[in-house]
Amino acid sequence: MNETPFFFDGNGYRLFGVVHDPEVKGNSLGFVFCHPFAEEKLWTHRVFVNFARILTQKGYHVLRFDYMGNGDSEGNFSDSSVETCLSDIQSAIGWLKANRPIQSRLGLLGLRFGATLACMMAERALDLSQLVLWEPVINGTRYMKEMLRINLTTQSTVYKKVLYNTETLVSMMESGQSVNIDGYEVRWPLYHQTIGINLSDESKRFQGPVLIVQMNRKPDQGVGRMQPLADCYSNATVSIALDEPFWKEIHRNYARADNLYDRTIAWMDNR
Amino acid sequence: MKQVVSPIMFSNNNGRRLFGMLHEPDSKIKTTAILLLSPGVKSRVAPHRMYIKMAERFCSLGFAVLRMDPEGLGDSEGDFDEELIADVYASIQLGRHIEDTMAMMDWLEKKAGISRFILAGLCGGAITALLTAEKDPRVHAILALGIPCVMSSSTADPTKYITQSQFNSIRHKYLCKILNREAWVRFLSFKTDYKLLLKSIFQPFRRQIRVLKKTTPVNVAPTNRDIQINSNLNPHFHRAFYQFITKNKMLMIFSGADRLYWEFEEKYMAMYGPLITAYATNYSIYIVKEANHVFSFKEWQEEMLLHSVKWLSTIDG
């Protein structure tokens with residue numbers, strides 16, 4: 001396999017990445033992968049790795065990397081925010097364009113909150129060629145509520161009661177303290193910038209093709225959940241993949257997400 | 001002390017490339033290196049980047065620290081065939097990563113001339129450390145966080161091997177919910193685990209009966225057959241643990257609210273305690289009170305790190 005781990009420059013810190021080069025004759029297409037939030041990143045890591053390997057078999061260049069304060073990149077998670085993540089994605093795009101023969105044919109692929117960030121990035125970097133959004137987090141407020149619930153669950157498991165409710169946790173962040181979510185210290189900038197996100201609230205400037213994959217356990221589950229987001233784009237396709245929510249602890253060992261892969265490859269091949 | 005962090009890769013004995021990170025102090029490097037071994041499926045980073053915090057702290061003491069992904073995990077090549085995560089955990093508890101851990105030591109020995117190692121890890125990383133030490137004399141000491149002494153299983157009845165402390169915790173949770181409307185809705189709509197509920201309620205009475213019948217623990221090691229019949233203890237655990245602590249140092253840090261601690265106390269120490277007391281100076285157990293399995297809260301992480309550093313300073317490096 002043609003994979004190289006390395007550090008590259010972020011905004012004053014080193015970002016860790018693995019670049020996957022084509023196993024067959026290159027097609028001058030590339031993807032930067034945008035990973036999910038906090039512990040979801042770890043649960044989904046192998047799904048990303050294996051999909052990157054599949055893409056190299058089809059001639060793509062892929063850069064997987066860790067945002068500042070995540071994975072092996074430098075910095076503390078507590079210093080990260082939506083803006084630092086977007087800046088890091090910009091750095092990753094810059095690196096791949098400068099170091100591989102891709103030019104303007106570069107897309108972003110994101111999963112969960114990584115898909116949210118990819119979507120936001122595409123509004124700033126309009127020269128991206130395509131977007132693949134796997135189960136994007138559409139509403140940041142709702143997502144942060146879910147995340148804070150993890151803290152409440154930890155409290156009730158450990159202390160047998162909730163000492164700090166959601167409102168108190170938010171106040172703590174606002175006053176400069178961090179709040180622990182699954183071991184990650186979240187501060188106000190990350191929280192505040194995330195709750196301001198609602199991906200489906202306005203039409204998008206990005207004109208390239210977009211694949212939005214909704215992941216369902218059952219075929220009839222939440223039909224149309226991603227349609228409001230698709231409606232914001234001029235050229236978006238919604239596809240449903242029957243897969244389990246592998247971004248959290250489940251009984252299955254989810255190193256591959258075959259339905260998700262198939263949907264995505266089919267869309268790429270059709271283009 | 002400044003440190004240099006570099007990505008590394010090399011091939012294991014199966015010809016699979018393994019990826020990892022090497023933390024090196026920029027001066028006064030010790031002659032013993034530390035390997036942080038993958039916990040379950042969370043790879044070289046570990047939950048909430050715990051291994052990065054540990055590596056930075058240990059490297060500042062002068063240790064070179066290597067964090068690698070074994071075959072099939074993280075960025076490394078290879079695949080796991082197991083469909084269920086419990087079966088992956090079971091394979092690790094039986095030594096899946098021993099060969100790769102030895103390959104990591106080989107690599108460091110070749111690169112830096114280091115031939116003495118402290119193996120450290122959380123959960124699956126801790127049991128990998130112990131099982132590797134049984135096969136490789138280069139392992140000088142072990143730092144085990146939440147070491148599992150039992151076997152995971154995707155087929156066993158999950159209520160069969162629950163410890164007394166787990167039952168107490170579960171019973172307490174049910175009692176707290178007795179006035180909770182949602183809990184009653186779950187109960188009446190058949191969503192409650194009735195078996196677990198009933199077992200947790202009646203377990204204290206059953207225990208009383210068992211205490212009346214029970215004789216004192218024997219001072220000879222139970223056989224593997226005894227273990228298979230009576231508990232879900234890892235059949236390799238006692239042998240590897242006993243062999244290691246007779247000659248080497250080992251620190252076990254447990255989280256106070258973790259079933260793995262209860263299992264160690266109630267399943268291992270209750271049965272084997274008398275056999276290992278002679279070596280009590282070689283191993284120590286430290287409990288981070290209230291902490292959960294992965295030391296989520298930063299005060300728990302800090303306590304774990306401080307105690308680890310204190311113990312490392314007693315190890316000849």
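Numbers restart at 1 for each chain; the letters A, B, ... are given by sequence-line order, proteins then strands.
Of the residues listed (B:His23, B:Met21, B:Arg67), the one engaging B:Tyr51 in a side chain to side chain contact (heavy atoms under 4.5 Å, CB included) is B:Arg67, and it is the only one.
The residue among B:Ala257, B:Ala291, B:Gly74 with the most heavy atom pairs within less than 4.5 Å of chain A is B:Gly74. Between chain A and the residues B:Gly72, B:Ala86, B:Gly256, the most heavy-atom pairs under 4.5 angstrom are made by B:Gly72. Comparing B:Lys53, B:Met9, B:Glu77, B:Met50 by how many heavy-atom pairs each has under 4.5 Å with chain A, the most go to B:Glu77. Ranking B:Leu84, B:Ile52, B:Val41, B:Asp87 against chain A, the residue ahead of the rest is B:Leu84, based on heavy-atom pairs under 4.5 Å.
Only the side chain of A:Arg46 comes within contact range of chain B, with heavy atoms under 4.5 Å apart. With a 4.5 angstrom heavy-atom cutoff, A:Glu3 touches chain B via backbone and side-chain atoms both. Only the side chain of A:Ser178 comes within contact range of chain B, judged by heavy atoms closer than 4.5 Å. Using a 4.5 Å cut-off between heavy atoms, A:Tyr254 makes no contact with chain B at all. Residue contact with chain B, scored on non-hydrogen atoms closer than 4.5 Å, involves the backbone of A:Asn70 exclusively. Residue contact with chain B, scored on non-hydrogen atoms closer than 4.5 Å, involves the backbone of A:Ile250 exclusively.
Ring geometry for A:Trp188 against A:Tyr191 counts as tilted: the plane angle lies between 30° and 60°, on a 0 to 90° scale. Using a 30° and 60° split on the angle between ring planes, A:Phe51 and A:Trp134 fall in the perpendicular class, above 60°.
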Fill in: Steps toward side-chain hydrogen bond (donor to acceptor under 3.5 Å, both in side chains) verdict (A:Glu39, A:Tyr184)
CA-CA 8 Å; A:Glu39 208 68 351; A:Tyr184 295 84; 2.7 Å; yes
Item to complete: Run the numbers on B:Trp107 and B:Leu18 for side-chain contact (heavy atoms from CB on, under 4.5 Å), then give the verdict.
Response: CA-CA 11 Å; B:Trp107 183 85; B:Leu18 307 184; over 6 Å; no
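Under the 6.0 Å cut-off for aromatic ring centres, A:Phe77 and A:Phe37 qualify, their centroids lying closer than that.
Checked against salt bridge (Lys or Arg N to Asp or Glu O under 4.0 Å), A:Arg14 has the following partners two or more places apart in sequence or in another chain: A:Glu74.
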